[in-house]
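Here is the structure we will look at, set down as structure tokens.
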Amino acid sequence: MVSTVYLSNILVALAHFISRSDARLVLRIANTPSIHLASRSPRHVLGRNLLPFAYNQADAIIAISQGVRNDIINSFSAEKKKISVIY
């Protein structure tokens, strides 16, 4: 499974976890989540709190830049070894 938008990344990771699927889960990160989710809106607060779970569930993560890679490592505790940068 491949997912690319932060909200769908969360939903797909939750579905993957609940279903105990054997499918590999690849999440693509197309922006800097800590900046994109910086407001105090309920949706953004929920997103900030659930993204670490989603990144932990992923078998692989694709970041569109080194800056995005660093952001998800530093802000959301994503595992470095899971992340590939594809510009």
* Asked: Can you check whether Val68 reaches Asn31 side chain to side chain, under 4.5 Å on heavy atoms?
  -> no
Here the pair of heavy atoms bringing Asn9 nearest to Ser3 is OD1-OG, 2.7 Å
- Query: side-chain contact (heavy atoms from CB on, under 4.5 Å) between Val85 and Ile64: does it pass, once the steps are laid out?
  - Reply: CA-CA 6 Å; Val85 175; Ile64 64 162; over 6 Å; no
- Task: Decide if atom CZ of Phe17 counts as having more than 12 heavy atoms of other residues, nucleotides or ligands within a radius under 6.0 Å.
- Result: no
According to a hydrophobic-cluster definition based on side-chain heavy atoms being under 4.5 Å apart (Ile, Leu, Val, Met, Phe, Trp, Tyr only), do Val2 and Val12 belong together?
no
Check your understanding: Does Ile62 share a hydrophobic cluster with Leu7, counting links as ILVMFWY side-chain heavy atoms below 4.5 Å and allowing steps through other members?
Key -> no
Across all chains, not counting sequence neighbours, the side-chain contact (heavy atoms from CB on, under 4.5 Å) partners of Ile35 are Thr32
Discussion item. Would a single hydrophobic cluster contain both Leu14 and Met1, if residues Ile, Leu, Val, Met, Phe, Trp and Tyr are joined by side-chain heavy-atom contacts under 4.5 Å?
Written reply: yes
Problem - ILVMFWY network linking Ile61 to Leu50, side-chain heavy atoms under 4.5 angstrom - result: yes
>> Quick check on the hydrophobic clustering: are Ile72 and Val45 connected, directly or via other members, by side-chain heavy-atom contacts under 4.5 Å?
In response: no
Residues pairing under side chain to side chain donor-acceptor pair (under 3.5 Å) where one sits in residues 37-56, two or more places apart or in two chains, turn out to be Tyr6-Arg43, Ser39-Ser41, Ser39-His44
Separation between CZ (Arg20) and CD1 (Ile18), nearest 0.5 Å, reads 10.0 Å
Residues pairing under side chain to side chain donor-acceptor pair (under 3.5 Å) where one sits in residues 73-87, two or more places apart or in two chains, turn out to be Asp71-Ser75
Please list every donor-acceptor pair under 3.5 Å in which a side-chain atom of residues 23-30 meets a protein atom from a residue at least two apart or in another chain.
from, atom 1, to, atom 2, distance (Å)
Arg28, NH1, Thr4, OG1, 2.4

For Leu51 and Pro33, the nearest pair of non-hydrogen atoms, with its separation, is CD1-CB, 4.0 Å
